[in-house]
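See structure below.
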Amino acid sequence: MRIAAAQTPEFRENVGAALDYAVRVAALAEADGVVLLVFPEGFLQGYLTDERSARRVAFDLASAEFAAVLDRLPKSGPVLVMGLIEIDDGRLFNTAVVVERGVLLGRYRKAHLLRGERAFEAGKDSPLFAIGALRYGINICYDTNFPEAAAKVAASLILCLSNNMMPREKAEIFKPLHNAVRGERCRETGLWLISSDVTGEHDGRIAWGPTAVLNQEGQVVAQLPLEEPGLLVFDFSCDGQDAGARLK
């Protein structure tokens, strides 16, 4: 099956621009026969960790406002997995939604939170999703530092939504570590992993990604170039044999 991950600019408090971008990328993916397309952590509203900002932009997934978001998304093409800020009964969550043709299939809430994410509550569930024989689960960024988060994905593929926009000095330190940590999870679980991250610079901060595919041995078998948006398209076999990747 053909899967894909988008490496995107960071959209902060501009849902309209994020949706426009997602629709364009989804059209490219659909034209290429992609069945599953992953976007970064916090893609829809931005990775906003202060409570006031997060509450200002958060979506209740049962609301008319979020229904309007779903209506903007394509009614054909790949299943979309997208990061956003969710509010539910007054509680904030760092969430990934799974959407098929404008219909919400489910969600995953980030389970392991950084100290800077005190505005959010931790998720408790690790739902699994399927497209035919392809079964997948979700980790969000810091989740991949914890073996138990990956171990709960009793499937063939982990989707890792990330936002690694950091001060440059910190970004330099972590630049080689993201894939290394994710590779450990792949070796422990025997799962493949595809990651999606933001890229760009603002206010002294930089994001390099990486947006990549790692195999069961934790090896990087495909990766987008750092520092530029793009679409990583990968032919994934549910028996664990890959057929190659293309960059767009």
Side-chain angles (χ1 to χ4, degrees), residues 5-6 8 10-19 21-22 25-26 36-73 78-130 136-146 148-150 152-153 155 157-165 193-198:
T8 77
E10 187 180 37
F11 298 96
R12 296 176 66 85
E13 301 190 64
N14 192 339
V15 172
L19 285 172
Y21 191 94
V25 173
L36 177 65
L37 173 58
V38 188
F39 288 89
E41 175 184 19
F43 170 78
L44 192 59
Q45 306 108 313
Y47 179 62
L48 306 174
T49 56
D50 66 284
E51 184 170 355
R52 179 177 296 181
S53 297
R55 285 190 179 279
R56 185 168 60 242
V57 301
F59 281 109
D60 182 332
L61 301 189
S63 68
E65 290 79 11
F66 188 68
V69 169
L70 293 175
D71 192 55
R72 286 280 312 277
L73 295 174
V79 172
L80 307 179
V81 181
M82 182 179 296
L84 55 76
I85 298 170
E86 177 194 1
I87 190 166
D88 182 16
D89 195 25
R91 300 170 299 161
L92 294 171
F93 297 92
N94 183 335
T95 295
V97 293
V98 180
V99 177
E100 182 176 23
R101 301 180 179 185
V103 176
L104 179 66
L105 298 183
R107 66 185 169 205
Y108 168 80
R109 291 165 169 172
K110 190 173 186 177
H112 298 278
L113 301 172
L114 293 157
R115 284 177 295 180
E117 295 178 306
R118 293 188 181 93
F120 302 113
E121 291 198 25
K124 306 298 183 185
D125 301 323
S126 296
L128 297 180
F129 303 91
Y136 61 93
I138 301 169
N139 281 188
I140 298 179
C141 206
Y142 189 56
D143 281 335
T144 58
N145 285 269
F146 299 86
E148 59 268 30
K152 290 179 180 178
V153 181
L157 177 67
I158 300 173
L159 312 186
C160 177
L161 288 70
S162 294
N163 185 310
N164 283 304
M165 183 70 71
L193 182 148
I194 185 168
S195 63
S196 173
D197 211 326
V198 298

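Here the CG-CD distance, from Leu70 to Glu65, works out to 12.0 Å after rounding to the nearest 0.5 Å. Distance check, rounded to the nearest 0.5 Å: CG of Leu161 to OG1 of Thr144 gives 11.0 Å. The CG atom of Leu92 sits 10.5 Å away from atom CZ of Arg109, with the distance rounded to the nearest 0.5 Å. Put simply, CD on Glu121 and CZ on Phe93 are 5.0 Å apart, with the number rounded to the nearest 0.5 Å. From Arg91, atom CZ reaches atom CZ of Phe120 across 14.0 Å, with rounding to the nearest 0.5 Å. Expressed to the nearest 0.5 Å, how far CD of Gln45 lies from OG of Ser53 amounts to 11.5 Å.
The minimum heavy-atom distance between Ser162 and Pro40, with the atom names listed, is O-CB, 3.3 Å. Glu117 and Asn94 make their closest contact through OE2-ND2, 3.4 Å (heavy atoms, listed as atom of the first residue, atom of the second, distance). Across all their heavy atoms, Val98 and Val81 have their closest contact at CG2-CG2, 4.2 Å. Taking every heavy atom of both residues into account, Glu10 and Arg12 meet most closely at OE2-NH1, 3.5 Å. Of all non-hydrogen atoms in His112 and Asp143, the two that sit nearest each other are N-OD1, 2.8 Å. In this structure, Thr49 and Ala119 approach most closely via the heavy-atom pair O-CB, 3.5 Å.
Side-chain N or O atoms of Asp197 include one that pairs as donor or acceptor with a backbone N or O of Asn164 at under 3.5 Å. Not a single donor-acceptor pair under 3.5 Å links the side chain of Glu86 to the backbone N or O of Thr95. No donor-acceptor distance shorter than 3.5 angstrom exists from the side chain of Glu41 to the backbone of Gly83, with no hydrogens or angles considered. Between the Ser195 side chain and the Cys160 main chain, no donor and acceptor come within less than 3.5 Å of each other. Side-chain atoms of Arg72 never come within 3.5 Å of backbone atoms of Val69 as a donor-acceptor pair (strictly under, hydrogens ignored).
In this structure, the side chains of Leu61 and Leu84 come closer than 4.5 Å at one or more pairs of heavy atoms. Between Leu44 and Ile85 the shortest side-chain heavy-atom distance does not fall below 4.5 Å. Contact of the Val15 side chain with the Phe59 side chain is registered, since non-hydrogen atoms from C-beta on lie closer than 4.5 Å.
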#### Entry: Working for side chain to side chain contact (heavy atoms under 4.5 Å, CB included), residues Ile87 and Arg55
CA-CA 7 Å; Ile87 190 166; Arg55 285 190 179 279; 3.5 Å; yes

### Message
Set out, in order, the CA-CA distance, both residues' side-chain angles and the distance that settles side chain to side chain contact (heavy atoms under 4.5 Å, CB included) for Leu159 and Leu36, then state yes or no.
### Response
CA-CA 10 Å; Leu159 312 186; Leu36 177 65; 4.0 Å; yes

### Message
Please evaluate residues Tyr47 and Val198 with respect to the criterion side chain to side chain contact (heavy atoms under 4.5 Å, CB included), reporting the C-alpha separation (whole Å), side-chain torsions for both, the decisive distance (0.1 Å), and the verdict.
### Response
CA-CA 10 Å; Tyr47 179 62; Val198 298; over 6 Å; no

### Message
Test side chain to side chain contact (heavy atoms under 4.5 Å, CB included) on Ile138 and Phe129; report intermediate values, then the result.
### Response
CA-CA 9 Å; Ile138 301 169; Phe129 303 91; 4.1 Å; yes

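Ring pair Phe43/Phe11 is perpendicular by interplanar angle, where above 60° counts as perpendicular and below 30° as parallel.
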